[in-house]
Enquirer: 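If you scroll down you'll find the structure; I have some questions about it.
So you know, we letter chains A, B, ... as the sequences are listed, proteins then strands, and number each from 1.
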There are 2 protein chains.
Amino acid sequence: MEPETETGIVNVSDRTLRALYGYQMKRTFNVIQSDLSRTLKPFDLRMLTYTALVLIVDNPGLRQSQLAEAMDIERPNLVVIVDELERRDLIIRDRLPSDRRAYALKATLAGRRLCEKAIAAVMEHEKMLLNGISKDALSVATKVMQMIESNRQRED
Amino acid sequence: MEPETETGIVNVSDRTLRALYGYQMKRTFNVIQSDLSRTLKPFDLRMLTYTALVLIVDNPGLRQSQLAEAMDIERPNLVVIVDELERRDLIIRDRLPSDRRAYALKATLAGRRLCEKAIAAVMEHEKMLLNGISKDALSVATKVMQMIESNRQRED
DNA sequence: TATTGTTATACTCTATAACTATA
DNA sequence: TATAGTTATAGAGTATAACAATA
């Protein structure tokens, strides 16, 4: 006599739905990811290059290791992303005088301009995706996500 | 004079944070994904094989095409997942008498037992991840995710 | 010795076209 | 002709070890 919830085309019991909390989040993330990819295509950006560009524009002088940590990816995987942005003259790698191992990442004027346009497009699409969701509900959802993140169990 | 929010190690303005709504969700999904992977390792399951198994146990007779749609992946990518579960005798592929092209997927006794154990382990870990989050807040967050999913703009 | 960025590499997940067997 | 499942394959994204340069 368990309640059932419609999720896609199959019905799962509420107990099972709780066991699939990652499954709901993955479905939702897929939606956002694919919408974002389509929105960013005209700018020749992917989610990863877009995120990196936005963070560099917002944090001039950021190091690659900091950016990798912020984006939650490994340093080796960031190299190709920064390479691509640099090759397109959207950012530059400046040597830090204080630590000649590291780079200070800075957006170029072209990078800042592209970033502005991309952000505007993303926000426009976001409106459609978040249609019917109250400001309060969205705020609660964001807090829940931040709580989950802070509850992360780092492996030892 | 923009407010700033701590996200990882870099500060981003609230406007920028809104432009990175996918970024927050990705970070959160990464946390859930990696926690889930670690939890499922003792059962020799990944997120995909776990999700497939749970859905088959909960929906006996499910077809592969239905399962693929439920899991939001392409049919070809499901084949290897079903192959693996079948090879481990956790599920069987039953021919449908009414449509000999399709398979009815059913869990074996071993599959149902492993599924039960895996769900228990996942729920135990979920408690830690959702620590400090009220039932109401979680419910709101889930509804928001479902709303986003239903707002999906299918490409034509 | 430790850290920054790098290369190489392997693995997982994803996406598409084309095939077979049934309908 | 259309659909269910399959094969082959290519492309993203991710994770790890090992290296050079610098601290």
Enquirer: Can you see which heavy atom on B/N151 is nearest to which on A/L129, and at what distance?
Expert: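 Looks like ND2-O, 2.8 Å.
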Enquirer: Rounded to whole Å, how long is the line connecting atom NZ of B/K26 with atom P of D/dA12?
Expert: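 From B/K26 NZ to D/dA12 P: 14 Å.
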Enquirer: Think B/R101 has a side-chain N or O under 4.0 angstrom from the OP1 or OP2 of C/dA23?
Expert: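 So the side chain of B/R101 is outside the cut-off, no N or O lying under 4.0 Å from OP1 or OP2 of C/dA23.
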Enquirer: B/D83 CG to C/dT12 C1': how many Å, rounded?
Expert: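 Atom-to-atom, B/D83 to C/dT12, this comes out as 16 Å.
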Enquirer: Is there a donor-acceptor contact under 3.5 Å from the side chain of B/R95 to the main chain of B/R101?
Expert: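 Such a contact is found between B/R95 side chain and B/R101 backbone.
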Enquirer: Between A/N30 and A/N77, who's closer to the 5' end of DNA chain C by nearest nucleotide?
Expert: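 This one resolves to A/N77.
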Enquirer: Rounded to whole Å, how long is the line connecting atom OH of B/Y103 with atom C1' of D/dT6?
Expert: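 Value for this atom pair: 9 Å.
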Enquirer: Using heavy atoms to find the nearest nucleotide of DNA chain D for A/M47 and B/R63 separately, return the residue whose nucleotide is more 5′.
Expert: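 The residue mapped nearer the 5' terminus is B/R63.
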Enquirer: Ignoring backbone atoms, establish whether B/Q64 has a side-chain N or O less than 4.0 Å from OP1 or OP2 of D/dT6.
Expert: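 B/Q64 to D/dT6 OP1/OP2: side-chain N or O found under 4.0 Å.
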Enquirer: It should be established whether B/R93 places a side-chain nitrogen or oxygen under 4.0 Å from OP1 or OP2 of nucleotide D/dT6.
Expert: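 So the side chain of B/R93 is within the cut-off, an N or O lying under 4.0 Å from OP1 or OP2 of D/dT6.
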Enquirer: On DNA chain D, does the nearest nucleotide to A/R46 precede the nearest nucleotide to A/P97 from the 5' side, or the other way round? Give the residue.
Expert: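 Nearest-nucleotide comparison on DNA chain D picks A/R46.
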Enquirer: Is there a donor in the side chain of A/T28 and an acceptor in the side chain of A/Q24, or the other way round, less than 3.5 Å apart?
Expert: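 Checked: A/T28/A/Q24 side chains pair up, N/O donor to acceptor below 3.5 Å.
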Enquirer: Is it the case that the side chain of A/N59 and the backbone of A/L55 share a donor-acceptor pair, with hydrogens and angles ignored and the cut-off at 3.5 Å?
Expert: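 Such a contact is found between A/N59 side chain and A/L55 backbone.
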Enquirer: Atom CZ of B/F29 and atom P of C/dC13: how far apart are they, to the nearest Å?
Expert: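 B/F29 atom CZ is separated from C/dC13 atom P by 10 Å.
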Enquirer: Between A/S65 and C/dG5, does any side-chain N or O lie under 4.0 Å from OP1 or OP2?
Expert: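 For C/dG5, OP1 or OP2 has a side-chain N or O of A/S65 closer than 4.0 Å.
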Enquirer: Where the side chain of A/A102 is concerned, which of D/dT16, C/dT4, D/dA23 is the nearest nucleotide?
Expert: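 For A/A102, the side-chain atoms sit closest to C/dT4.
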Enquirer: Could you tell me how far apart B/L40 (CG) and C/dT12 (C1') are, to the nearest whole angstrom?
Expert: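 Nearest whole value for this atom pair: 15 Å.
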Enquirer: Rounded to the nearest Å, what distance is computed from the NZ atom of residue A/K41 to the P atom of nucleotide C/dA15?
Expert: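 Rounding to the nearest Å, NZ of A/K41 and P of C/dA15 are 12 Å apart.
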Enquirer: Check every strand shown and say whether B/L78 touches a base, only sugar-phosphate, or nothing at a heavy-atom separation below 4.0 Å.
Expert: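 Nothing: the residue B/L78, judged by heavy atoms under 4.0 Å, touches no strand.
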Enquirer: Please report, rounded to the nearest Å, how far the P atom of D/dG5 is from the CD atom of B/E74.
Expert: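 Going from CD in B/E74 over to P in D/dG5 covers 14 Å.
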Enquirer: Grab the CZ-C1' distance between A/R75 and D/dG13 for me, whole Å please.
Expert: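 In whole Å, D/dG13 C1' and A/R75 CZ are 17 Å from each other.
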Enquirer: Has the side chain of B/R112 got a donor or acceptor atom that lies under 3.5 Å from a matching backbone atom of B/A107?
Expert: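 The answer is yes, because a donor-acceptor pair under 3.5 Å joins these two groups.
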